[in-house]
Trainee: 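Handing you this structure, nothing more for now.
Lettering of chains follows the sequences in order, A, B, ..., and the numbering in each one begins at 1. Computed over heavy atoms, backbone and side chain alike; hydrogens, waters and symmetry mates excluded.
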2 protein chains.
Amino acid sequence: MPITRVPLREQIHSELLDRIHSGDIPPGSRVQDTTLARQLGVSRTPVREALIRLARDGVLDSDTGRGFRLRPFARAELRDVGGILAVLEPLALGLAPDFSPERLTGLADLARQLEQARGDVARIVELDEAWHRSLLADCPNRRLLELIATLRQVPRRYLHAYLREARRVSLSALHHTRVLDALRRGDRSAAAALLERRWRRGIQEMEGWIP
Amino acid sequence: MPITRVPLREQIHSELLDRIHSGDIPPGSRVQDTTLARQLGVSRTPVREALIRLARDGVLDSDTGRGFRLRPFARAELRDVGGILAVLEPLALGLAPDFSPERLTGLADLARQLEQARGDVARIVELDEAWHRSLLADCPNRRLLELIATLRQVPRRYLHAYLREARRVSLSALHHTRVLDALRRGDRSAAAALLERRWRRGIQEMEGWIP
DNA sequence: AAGCAGAATACTGTATACAGAACACTGTTC
DNA sequence: GAACAGTGTTCTGTATACAGTATTCTGCTT
């Protein structure tokens, strides 16, 4: 087992993301370092570091001297971030080398699991996340992958809430197989185009629902 | 005058970026919170917050328990970030509404100043930065603009060093006028294409120089 | 009863203190 | 002379303390 010392700030960061995605923290509500530090049994310092990062990533709002609060859902934010991802994910896909049979099988597996996960929101979102990560994993531009991962946090939060509240069992899971087919044919640009269209459609669908 | 309370961490962040760009801090060298805190006359806390942010933005390396150091120049990093910006800047340009005559004049002004700034590295970089910011300023996707600004920090550091050490007086300043011409004709997609090509060329030119 | 002044409180941003890990140095052993 | 163990120092990561500001509550005035 590789011994890894993970700084508290990162552990706290993940924990907070989980809470946010699961809806434990309602949009617009305050997020106080004192409270969290007490709850998690750590000091305020690493908590604040995690909060500052979340604020920079656009998950939290922070007015100087007035602390942090969970950013309320907003069409504009979803559209903005979606517009960026609609360009970056196809870019990453285009940069990846040819797909190995193993990778393709893995993707097909995930797609199958996704179809069977109807209803279980947390699982759907997690599998969709895994599918995309696997799709782009071979892209040599590490920086791009990290950026995509950070940006995806935003629509992910919306997707969670959308699936939960709009009672949609899944978000057009169909596209997974379509992209996969294109990759099997070796048609990378078709796959990239499908991926882009999927983003635009998905964002549009969620936008319509935002209160 | 609007009274704004800027947190120390942000002031320190800008100060550090300045030092990094100006070459005060040599690539690969350690960046210690203790030392900086002493120098700047503040405590370690806001300094560390600034360092953590720089590390996340890819400017610093940070091994847990071993502090921060300025990331050495690397072709891969420049290529990775350049590849992202080559896509995002044209995207932002495409989203902006039609350019007002004032904006066009402003851009022309900056381009002229750029031509006259031969030799003064800091000024060239600053003007180029201003030109791009002005070019994209009307893009309604704020999130995208912020992202671009963050990413630009990376090639900016390379550009500084390149101009200083490679004794190049300017980096193909020509493209500024070309893009501007396209905009004057109202040909947005041509402008976007030029912008993208400029990135690819510029990155390539700097790549060749990296030790 | 509504509105305002002022005190009390809570919380943020920053400073300082502490514990443990990494590194440098010295002396010892082979 | 080289390798290594032990020790001291430095530095990072985290905890706690403090100061100043925003917010809330209370009591008074109209």
Trainee: Would you please confirm or rule out a distance under 4.0 Å between OP1 or OP2 of D:dA15 and any side-chain N or O of A:Ser43?
Mentor: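 Result: yes.
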
Trainee: Are any of B:Arg48's side-chain N or O atoms less than 4.0 Å away from OP1 or OP2 of D:dG13?
Mentor: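 For B:Arg48, the contact criterion (side-chain N or O under 4.0 Å from OP1 or OP2 of D:dG13) is met.
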
Trainee: Within this structure, what is the CZ-NE2 distance for the pair B:Arg164 and B:His21, rounded to the nearest 0.5 Å?
Mentor: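 Nearest 0.5 Å value for the CZ-NE2 distance: 10.5 Å.
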
Trainee: Out of B:Ile148, B:Ile84, B:Leu144, which one pairs with B:Glu89 under the side-chain contact (heavy atoms from CB on, under 4.5 Å) rule?
Mentor: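 Filter result, single survivor: B:Ile148.
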
Trainee: Could you state the atom-to-atom distance from CG of B:Leu51 to P of D:dC11 in whole Å?
Mentor: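 To the nearest whole Å, that distance equals 14 Å.
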
Trainee: Whole angstroms only, please: what is the CG-P distance between B:Leu8 and D:dC18?
Mentor: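 About 20 Å, once rounded to whole Å.
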
Trainee: Does A:Asp33 form a salt bridge (Lys or Arg N to Asp or Glu O under 4.0 Å) with A:Arg44? I'd like the steps, not just the answer.
Mentor: CA-CA 6 Å; A:Asp33 53 10; A:Arg44 283 177 56 214; 3.2 Å; yes

Trainee: Hey, is the side chain of A:Arg30 poking within less than 4.0 Å of OP1 or OP2 on C:dT12, counting only N and O atoms?
Mentor: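 Checking C:dT12 against A:Arg30, a side-chain N or O does come within under 4.0 Å of OP1 or OP2.
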
Trainee: Atom CZ of A:Arg38 to atom P of D:dA15: distance rounded to whole Å?
Mentor: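 Distance, rounded to whole Å: 15 Å.
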
Trainee: Just to verify, which of B:Asp98, B:Asp109, B:Asp138 counts as forming a salt bridge (charged side-chain N to carboxylate O under 4.0 Å, His left out) with B:Arg103?
Mentor: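 Checked B:Asp98, B:Asp109, B:Asp138 against B:Arg103; only one passes salt bridge (charged side-chain N to carboxylate O under 4.0 Å, His left out): B:Asp138.
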
Trainee: Taking CG from A:Leu40 and P from D:dA15, how many angstroms apart are they, rounded to a whole number?
Mentor: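 These atoms are roughly 11 Å apart.
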
Trainee: Inspect the surroundings of CD in A:Gln11 and state if more than 12 heavy atoms from other residues, nucleotides or ligands are less than 6.0 Å away.
Mentor: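 Counting neighbours around CD of A:Gln11, more than 12 heavy atoms of other residues, nucleotides or ligands fall under 6.0 Å, so yes.
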
Trainee: Starting at CZ of B:Arg44 and ending at P of D:dC11, how long is that distance when rounded to a whole Å?
Mentor: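 Those two atoms, CZ and P, are 10 Å apart.
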
Trainee: D:dT10 phosphate, OP1 or OP2: any side-chain N/O from B:Thr34 under 4.0 angstrom?
Mentor: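 No, B:Thr34 has no side-chain N/O under 4.0 Å of OP1/OP2 on D:dT10.
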
Trainee: Hey, which sits more toward the 5' end of DNA chain C by its nearest nucleotide, B:Arg66 or B:Arg9?
Mentor: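 Looking at DNA chain C, the more 5' nearest nucleotide goes with B:Arg9.
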
Trainee: For B:Gln11 and C:dT14, what is the distance between atoms CD and C1' respectively, to the nearest whole Å?
Mentor: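 Rounding to the nearest Å, CD of B:Gln11 and C1' of C:dT14 are 12 Å apart.
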
Trainee: Rounding to a whole Å, what distance do you find between B:Phe68:CZ and D:dG13:C1'?
Mentor: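 Atom-to-atom, B:Phe68 to D:dG13, this comes out as 10 Å.
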
Trainee: Between A:Asp63 (CG) and D:dT21 (P), how many Å, whole number?
Mentor: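 To the nearest whole Å, that distance equals 17 Å.
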
Trainee: Reckon A:Thr45 has a side-chain N or O less than 4.0 Å from the OP1 or OP2 of D:dT14?
Mentor: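 For D:dT14, OP1/OP2 do not have a side-chain N/O of A:Thr45 under 4.0 Å.
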
